[in-house]
Protein chains: 2
Amino acid sequence: MSALDLSQFLPYRLSVLANKMSAQLATVYAERFNISIPEWRVIAVLGQFDGVSADFVGGKTEMDRVTVSRAVAKLLKKRYIKRRFQISDRRCSVLSLAAAGKHVYADVVPLAKQYEDALTVVFDPTTFAQFNAGIDRLQAQLAAVEGDLF
Amino acid sequence: MSALDLSQFLPYRLSVLANKMSAQLATVYAERFNISIPEWRVIAVLGQFDGVSADFVGGKTEMDRVTVSRAVAKLLKKRYIKRRFQISDRRCSVLSLAAAGKHVYADVVPLAKQYEDALTVVFDPTTFAQFNAGIDRLQAQLAAVEGDLF
DNA sequence: CGAGTATAGTTTCAGTTGCAACTATTCTCA
DNA sequence: TGAGAATAGTTGCAACTGAAACTATACTCG
């Protein structure tokens with residue numbers, strides 16, 4: 001019987017790595033600001049793109065409608081973000097960071113960068129670039145095989 | 001205000017990539033055999049290491065006790081695996097694939113390998129080896145910075 | 001021995017997740 | 001125009017999740 005060594009299997013290896021990394025990073029902001037990973041992602045997008053819709057956030061973060069909707073609801077309750085709706089299209093929300101949210105963003109961004117730096121010391125710049133190129137190629141290939149599975 | 005581009009941020013990039021990959025792979029066996037990702041991982045370990053304990057499976061798969069316990073319970077109900085307990089230590093389970101589970105394993109392993117191959121065509125062997133080395137280095141570095149976070 | 005500690009595994013509980021169905025609004029084109 | 005399709009977002013539901021408490025068994029050392 002043909003065997004499979006999980007520890008050498010790419011999807012599994014990436015899953016373990018990414019989950020540990022996300023969880024470790026989350027400890028940096030989770031209890032400090034009482035926000036979850038989806039909530040942080042919403043804040044991260046709004047820090048970069050102010051006044052966008054929930055769907056735009058979903059597109060940027062690859063989170064689905066529902067996850068974004070609930071993250072937005074929690075952030076509104078915590079007053080980390082504000083919401084209006086477009087006059088021209090009242091279906092579309094217009095999200096932006098409230099003062100408290102800007103503080104979270106300003107505090108977390110350097111920590112996140114520090115964390116990334118603390119990990120990527122294992123790469124010299126060229127190797128890191130190659131690793132990133134690998135991620136991009138896999139990402140593209142994922143989309144290519146999509147649907148077309150066996 | 002210093003900004004963070006999520007789409008260029010390593011933990012985020014890996015998270016998106018790994019989640020998509022796992023989800024895509026799961027479609028290969030999910031409805032075909034009615035098993036979840038944790039259940040497949042248990043089967044994968046038992047295909048490689050017959051007669052091990054639930055904790056051993058947890059160690060190999062990086063899944064916690066609870067996740068393994070529940071996956072095992074479901075696989076038992078579906079008669080994909082069998083369970084005994086050690087005579088010398090009745091706390092320790094002794095898990096092994098039942099006939100149906102062996103079939104699942106025998107069917108899924110080639111599909112999983114095909115899937116991996118379909119993705120890694122984007123790499124020549126050397127590049128793939130370098131990419132894997134990168135994963136290993138990051139994995140090691142994750143453990144190194146552990147606890148020691150800011 | 002036997003009280004205290006450690007280990008394997010399960011259960012409870014509270015929170016999260018995603019699909020599908022829903023509301024509300026806007027667009028399309030006969 | 002206005003009926004039907006499309007889009008933005010929310011909610012109900014059922015399954016999944018992990019932390020903490022629990023059961024049961026085995027080990028340790030005074």
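So that the names make sense, note that chain A is the first sequence line, chain B the second, and so on, each numbered from 1. Note that this is a predicted model, so its numbers are computed, not measured. Side chains are part of it too, since the values below use all heavy atoms of this structure and drop only hydrogens, waters and symmetry mates.
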Item to check | Separation of D/dT17 P from B/R41 CZ (nearest whole Å) | outcome: 10 Å

Checklist entry - How would you list all residue pairs meeting ring-ring contact (aromatic ring centres under 6.0 Å, His included) that involve residues 49-70 of chain B, not counting sequence neighbours? => result B/F49-B/F56

Checklist entry - Does B/S88 have any side chain to side chain contact (heavy atoms under 4.5 Å, CB included) partners at least two apart in sequence or in another chain, and if so, which? => result B/Q86

Item to check | Atom-pair distance (CD on B/E62; P on D/dG18), nearest Å | outcome: 13 Å

Item to check | Earlier contact from the 5' end, DNA chain C, for B/F85 and A/S88 | outcome: B/F85

Next on the checklist: What is the distance, to the nearest angstrom, from the CD1 atom on B/I35 to the P atom on D/dC16?
Outcome noted: 13 Å

Item to check | Pair listing, salt bridge (charged side-chain N to carboxylate O under 4.0 Å, His left out) test, anchored in residues 46-58 of chain B, at least two apart | outcome: B/D55-B/R65

Checklist entry - Can B/D107 and B/R32 be counted as an ion pair, charged N to O under 4.0 angstrom? => result no

Next on the checklist: Can you measure B/N34 atom CG to D/dA15 atom P for me and round it to whole angstrom units?
Outcome noted: 12 Å

Run the side-chain donor-acceptor check on residues 77-84 of chain A: report pairs under 3.5 Å with partners two or more places apart or on a different chain.
from: A/K78; atom 1: NZ; to: A/N34; atom 2: O; distance (Å): 2.8
from: A/K78; atom 1: NZ; to: A/E39; atom 2: OE1; distance (Å): 2.4
from: A/Y80; atom 1: OH; to: A/F33; atom 2: O; distance (Å): 3.0

Item to check | Atom-pair distance (CZ on B/R65; P on D/dT23), nearest Å | outcome: 16 Å

Item to check | salt bridge (charged side-chain N to carboxylate O under 4.0 Å, His left out) pairs, two or more places apart, involving residues 111-126 of chain B | outcome: none

Item to check | Gap between atom CG of A/L25 and atom CH2 of A/W40 - 0.5 Å precision | outcome: 8.0 Å

Next on the checklist: For nucleotides 16-25 of chain C, give me one character per nucleotide, 5' to 3': B if any protein heavy atom sits under 4.0 Å from the base, S if the only such contacts are to the sugar-phosphate, - if neither.
Outcome noted: SBBBB---BB

Item to check | d(CD1, A/I37; P, D/dG18) in whole Å | outcome: 12 Å

Checklist entry - Looking at A/S69, does any N or O in its side chain come under 4.0 Å of the phosphate oxygens OP1/OP2 on D/dT10? => result yes

Checklist entry - Within less than 4.0 Å of OP1 or OP2 of C/dG9, is there a side-chain N or O belonging to B/S93? => result yes

Checklist entry - To the nearest Å, how far apart are A/I87 CD1 and C/dT26 C1'? => result 16 Å

Checklist entry - Would one find a side-chain N or O of A/R83 under 4.0 angstrom from OP1 or OP2 of D/dT10? => result yes

